[in-house]
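Input: a single structure, listed below in structure tokens.
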Amino acid sequence: MLVGLERYEAILEGKAEPNYLLAKKSRLLSKKIKEAEYSLQSCELCERKCRANRAKEELGYCGCDTKAKIFGAFAHYGEEPELVPSATLFFSGCTMHCVYCQNAPDSVTPSMGELWNERKIATWIESMHNSGCKNVNFVGGDPTPYVYNILKALSYCKAKTPVVWNSNAYYSKKTADLLKGIVDVYLLDFRYFNDECALKYSKAPNYVEAAKRNFLDAYNDAEVLVRLLVMPSHIECCAKPILDWLAKNLSKDVRINILNQYWPAYKAHNYNEINRRLDHKEICEVLNYAKKIGLKNLAP
């Protein structure tokens, strides 16, 4: 059994119910849907809190209106081993604009996505569950702008499948509260431990505090799987401090996937220091450091 994902495994074995189904029974889900819908009138779902009135078609930084836009929907076999096959929905639109984004421009351009209503999303989830997928995986871009659509879709859904919230962790306290009691596994990126880096490469002010807050909230709410994308030239300023923080503030048993898959996609060619692949020495340095500080649950 995987340490830290015991409840997720219990759901897969039929020994526990997904949180969203429990929330439906208690009417908690209905309450959260109303709160999420109301928040669209002055949106503060991500850390930017731009307060665009999306209900009246005002667009904030993410460019999303009130309708879900999808640029990919399939059984994903490239996720962590415990998650595959994962019924993955890729939402168009993101709260960060990473210059190295491997899914851009679809991921950051809502108009490039296909319109899906909430009943279509629910029907798709049920179909994928029946075909053998282990979970439904909401990703993007980032799912944060679409939290209302996701909650509404889950209200129509009956599949006994765990909900995975696959996010950049740059969402607001409001969104964290909306997710509590709904999500079964938080699959969160931790990219930076230096706000200058976050601003330069992802246009994300106050990223570090937002990420730390959301990791703590997620860890106290459900099960967490951390993704750390190691970036070239960002070992000392970001990768190692992130590992230190996780070990001290979550647990040395928290599930962590240290990713070596960075490559200079999208606009990374404009930044000499990250316009290259990660070299073997750098990833080994990060992996060895994780083991040195006692982190025990590293994904293969």
Side-chain angles (χ1 to χ4, degrees), residues 46-48 60-64 69-72 76 78-80 88 90-113 137-145 166-171 187-212 214-215 225-243 245-246 256-287 289-290 299:
C46 84
E47 185 64 14
R48 297 176 192 279
Y61 183 87
C62 67
C64 304
K69 308 293 197 315
I70 306 292
F71 73 91
H76 200 337
E79 303 287 55
E80 284 73 7
T88 306
F90 291 83
F91 290 88
S92 295
C94 194
T95 58
M96 290 165 52
H97 281 189
C98 301
V99 298
Y100 48 85
C101 181
Q102 297 176 11
N103 289 327
D106 305 71
S107 59
V108 295
T109 313
S111 62
M112 297 184 73
N137 184 349
F138 298 114
V139 66
D142 196 78
T144 298
N166 187 342
S167 171
N168 58 25
Y170 192 58
Y171 49 89
L187 179 56
L188 300 181
D189 291 336
F190 208 149
R191 295 286 178 87
Y192 310 103
F193 213 78
N194 182 304
D195 277 325
E196 291 183 8
C197 300
L199 196 60
K200 181 176 183 179
Y201 303 114
S202 296
K203 297 183 175 66
N206 199 44
Y207 171 87
V208 177
E209 286 306 310
K212 290 193 293 185
N214 289 327
F215 269 96
L225 203 163
V226 184
R227 279 181 174 166
L228 169 55
L229 178 67
V230 181
M231 293 175 56
S233 309
H234 287 266
I235 309 303
E236 300 300 330
C237 59
C238 294
K240 288 182 178 179
I242 287 170
L243 293 172
W245 186 88
L246 291 170
I256 303 175
N257 191 359
I258 298 174
L259 300 170
N260 65 352
Q261 64 195 43
Y262 175 87
W263 59 280
Y266 196 34
K267 300 178 181 180
H269 62 273
N270 294 321
Y271 302 82
N272 289 333
E273 66 277 16
I274 61 169
N275 188 27
R276 62 176 176 85
R277 288 185 177 272
L278 197 68
D279 66 41
H280 183 69
K281 180 180 177 181
E282 288 172 313
I283 190 62
C284 287
E285 183 176 354
V286 176
L287 286 168
Y289 187 77

Exercise for the section: Could you check if a side-chain atom of His97 sits within less than 4.5 angstrom of a side-chain atom of Cys101, using non-hydrogen atoms only? Expected result: no
Completion exercise
One should read off an interatomic distance between Arg191 CZ and Met231 CE, to the nearest 0.5 angstrom, of 8.0 Å
Exercise for the section: Mind listing the closest non-hydrogen atom pair of Gly141 and Phe71 along with its distance? Expected result: N-CE2, 3.9 Å
Handout entry: Flag for Tyr192-Ser202: side-chain donor and acceptor within less than 3.5 Å
Key = yes
Problem - Spatial distance of atom SG (Cys62) from atom CE (Met96) [nearest 0.5 Å] - result: 13.5 Å
Exercise for the section: Measure the shortest side-chain to side-chain distance between Lys240 and Phe193 over non-hydrogen atoms and say whether it is less than 4.5 angstrom. Expected result: no
Practice task
Drop me the distance from Leu187's CG to Ser167's OG, to the nearest 0.5 angstrom.
Solution key: 9.5 Å
Exercise for the section: Please work out which of the three classes, parallel, tilted or perpendicular, describes the rings of Trp245 and Phe215, given edges at 30° and 60°. Expected result: perpendicular
Practice task
Would you please classify the geometry between the Tyr201 ring and the Tyr271 ring as parallel, tilted or perpendicular, with 30° and 60° separating the classes?
Solution key: perpendicular
Problem - CZ on Arg277 to CD on Gln261, rounded to 0.5 Å - result: 10.0 Å
Exercise for the section: Answer yes or no: is there a donor N or O on one side and an acceptor on the other, between the side chain of Glu282 and the main chain of Asp279, under 3.5 Å? Expected result: yes
Exercise for the section: Check Val99 against Lys200 and note the closest heavy-atom contact, atom names and distance. Expected result: CG1-O, 4.5 Å
Handout entry: Side chain Glu47, main chain Pro205, donor-acceptor under 3.5 Å
Key = no
Practice task
Answer yes or no: does atom NZ of Lys267 have more than 12 heavy-atom neighbours from other residues, nucleotides or ligands under 6.0 Å?
Solution key: no
Handout entry: Value rounded to 0.5 Å, distance of CD1 in Ile242 from SG in Cys237
Key = 9.0 Å
Exercise for the section: Return yes if some donor-acceptor pair links the side-chain N/O of Asp195 with the main-chain N/O of Val208 below 3.5 Å, else return no. Expected result: yes
Fill in the blank from the handout: Taking every heavy atom of Ser233 against every heavy atom of Arg276, the minimum-distance pair comes out as OG-NH2, 3.4 Å
Practice task
State, with a plain yes or no, whether a side-chain heavy atom of Pro145 is found less than 4.5 Å away from one of Phe91.
Solution key: no
Handout entry: Heavy-atom pair with the smallest gap, counting every atom of Leu188 and Ala169
Key = CB-CB, 4.4 Å
Handout entry: Audit row: Asp106, Phe90, side-chain contact (heavy atoms from CB on, under 4.5 Å) steps and yes/no
Key = CA-CA 9 Å; Asp106 305 71; Phe90 291 83; over 6 Å; no
Handout entry: Close side-chain approach of Tyr289 to Ile235, heavy-atom, < 4.5 Å
Key = no
Problem - Reported CG-to-CG distance for the pair Asn166 and Asp189, which is rounded to 0.5 angstrom - result: 6.5 Å
Exercise for the section: Answer yes or no: is there a donor N or O on one side and an acceptor on the other, between the side chain of Asn214 and the main chain of Tyr171, under 3.5 Å? Expected result: yes
Practice task
Please report the closest heavy-atom contact between Asn168 and Asp142, naming both atoms and the distance.
Solution key: N-OD1, 2.8 Å
Problem - 4.5 Å side-chain heavy-atom contact, Val230 and Asn260 - result: no
Practice task
Report yes if some heavy atom in the side chain of Tyr100 is under 4.5 Å from a heavy atom in the side chain of Leu229; otherwise report no.
Solution key: yes
Fill in the blank from the handout: Closest non-hydrogen contact found for Cys94 with Tyr61 is O-CD2, 4.3 Å
Exercise for the section: Check whether any side-chain heavy atom of Tyr262 sits under 4.5 Å from a side-chain heavy atom of Ile274, and report yes or no. Expected result: yes
